[in-house]
Amino acid sequence: QVQLVESGGGLVQPGGSLRLSCAASGLTFGNHVMGWFRQAPGKERDVVAVISWSGDNAHYSDSVKGRFTISRDNAKNTVYLQMNSLKPEDTAVYYCAAGNRWANMIGGSSDYWGQGTQVTVSS
């Protein structure tokens with residue numbers, strides 16, 4: 001049974017930073033593309049960042065490029081999202097995802113999903 005467990009969400013002031021983690025189990029982690037998605041109230045779930053199997057390639061949405069960094073540790077079966085210079089519009093539930101195809105992940109679909117962690121950016 002595949003499990004993706006996110007942690008690290010919370011309340012942060014504008015301009016602050018948070019680091020999300022996602023621990024994966026029940027799958028061969030190094031064989032999966034990993035990603036972070038987010039869903040704000042009343043909006044669709046959108047891709048935030050995607051990282052390749054080896055970690056050599058990463059894709060970011062335009063809204064977070066230059067502020068967020070995705071990384072992975074295949075030895076720990078964990079993917080991270082470092083979020084800097086946070087803005088109120090970054091407020092959303094953030095979901096970890098694992099998939100087999102790079103193009104599918106960038107397109108917004110995935111094979112496995114976590115339960116999500118809330119990130120709130122507010123003063």
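Worth saying up front: this structure is predicted, and the values here are computed from it rather than measured.
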Nearest heavy-atom pair of [X] and [Y]: which atoms, and what distance?
X: Ile70; Y: Ala58; result: CG2-CB, 3.9 Å
X: Ser123; Y: Pro14; result: N-CD, 3.7 Å
X: Leu20; Y: Gly9; result: CD2-N, 3.6 Å
X: Ser17; Y: Asn84; result: OG-OD1, 2.9 Å

For [Y], is there any backbone N or O sitting under 3.5 Å from a side-chain donor or acceptor partner on [X]?
X: Thr120; Y: Leu11; answer: no
X: Ser85; Y: Arg67; answer: no
X: Thr69; Y: Gln82; answer: no
X: Ser110; Y: Tyr112; answer: yes
X: Thr78; Y: Lys76; answer: yes

Side-chain heavy atoms under 4.5 angstrom apart, residues restricted to Ile, Leu, Val, Met, Phe, Trp, Tyr: same cluster for [X] and [Y]?
X: Val2; Y: Met34; answer: yes
X: Val64; Y: Leu81; answer: yes
X: Val79; Y: Val50; answer: no
X: Leu4; Y: Met105; answer: no

Can you confirm whether more than 12 heavy atoms, excluding those of Glu44, are under 6.0 Å from its CD atom? no
With a sphere of 6.0 Å drawn around CD of Gln115, does it hold more than 12 non-hydrogen atoms of other residues, nucleotides or ligands? no
Pairwise side-chain contact, [X] with [Y], heavy-atom cut-off 4.5 Å (strictly under):
X: Thr117; Y: Val93; answer: no
X: Gln39; Y: Tyr94; answer: no
X: Ser122; Y: Pro88; answer: no
X: Arg38; Y: Val47; answer: no
X: Val33; Y: Asn100; answer: no

Say you draw a straight line from [atom1] of [X] to [atom2] of [Y]; how long is it, rounded to the nearest 0.5 Å?
X: Ile51; Y: Asp56; atom1: CD1; atom2: CG; value: 8.5 Å
X: Glu6; Y: Cys22; atom1: CD; atom2: SG; value: 5.5 Å
X: Thr91; Y: Leu86; atom1: OG1; atom2: CG; value: 8.5 Å
X: Thr28; Y: Asn74; atom1: OG1; atom2: CG; value: 11.0 Å

Check this for me, if you would: do Lys87 and Asp90 make a salt bridge, where the nitrogen-to-carboxylate-oxygen distance has to be below 4.0 angstrom?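 Salt bridge: no.
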Verify side chain to side chain contact (heavy atoms under 4.5 Å, CB included) between Val121 and Val119, making sure each step is shown before the conclusion. CA-CA 7 Å; Val121 184; Val119 172; 4.2 Å; yes
Listing request: all ring-ring contact (aromatic ring centres under 6.0 Å, His included) pairs with a residue in residues 18-70, at least two apart in sequence or in separate chains. Phe37-Trp113
Distance to the ring centre below 6.0 angstrom and angle to the axis at most 45 degrees; does that hold for Arg45 and Tyr95? yes
Give the C-alpha distance, both sets of side-chain angles, the deciding distance and a yes or no for side chain to side chain contact (heavy atoms under 4.5 Å, CB included) between Arg72 and Tyr80. CA-CA 6 Å; Arg72 65 190 295 162; Tyr80 306 96; 5.9 Å; no
